[in-house]
Amino acid sequence: MLITGKLTLDRSKDHLQKKSETQTGAFISSFQQTSSFLPTLQTLIAQSDLPQEFVFIMLVESNMNPLSTSMKGASGLWQFMEGTGKIHG
């Protein structure tokens with residue numbers, strides 16, 4: 001998009017600010033809702049020899065929604081593509 005003038009730039013900034021606030025709120029809400037089972041999930045991840053940070057990928061990628069699907073077709077909590085799942089088992 002070509003920005004031509006202060007008015008368009010101001011609208012773009014407002015839109016980005018509102019979107020950022022909405023997504024931040026959704027992230028915090030998801031984190032609070034799932035905090036009760038995060039210790040169990042962290043234990044399972046540790047037993048699988050994965051980095052502990054792996055648990056937070058779910059928050060970022062799917063908002064902890066197991067039915068989440070991206071526009072590109074990635075699905076599930078971690079938003080893996082079918083091909084990636086086949087490669088990594």
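This one's a predicted model, so the numbers in the text were calculated from it and none came from an experiment.
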**Q** I need the Ile45 CD1 to Phe54 CZ distance, nearest 0.5 Å.
**A**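 If I round to the nearest 0.5 Å, the distance is 6.5 Å.
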**Q** Quick check for you: to the nearest 0.5 Å, what is the distance between Leu77 atom CG and Asn65 atom CG?
**A**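 Spacing of CG (Leu77) from CG (Asn65) equals 8.0 Å.
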**Q** Counting distance only, does the side-chain N/O of Ser48 pair as donor-acceptor with the main-chain N or O of Leu50 below 3.5 Å?
**A**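 No; judged by distance alone, with no hydrogens or angles, the pair does not exist.
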**Q** For Ser68, is there any backbone N or O sitting under 3.5 Å from a side-chain donor or acceptor partner on Gln79?
**A**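 It does hold such a pair.
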**Q** State the OG-CE distance between Ser75 and Met81, to the nearest 0.5 angstrom.
**A**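 One finds 8.5 Å between OG of Ser75 and CE of Met81.
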**Q** What's the separation between atom CD in Gln42 and atom CD in Glu53, rounded to the nearest 0.5 Å?
**A**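 Rounded to the nearest 0.5 Å, the CD-CD separation comes out at 9.5 Å.
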**Q** Could you state whether Leu44 and Val55 fall into the same hydrophobic cluster, counting links through intermediate Ile, Leu, Val, Met, Phe, Trp or Tyr residues with side-chain heavy atoms under 4.5 angstrom apart?
**A**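 Leu44 does not cluster with Val55.
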**Q** Over all heavy atoms of both residues, which pair between Gly76 and Ser62 is shortest? Give the atoms and the distance, please.
**A**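 Scanning both residues, the minimum pair turns out to be O-CB, 3.5 Å.
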**Q** At their closest point, which heavy atom of Met58 faces which heavy atom of Leu41, and how far apart are they?
**A**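 In terms of heavy atoms, the two residues are closest at CE-CD2, 2.6 Å.
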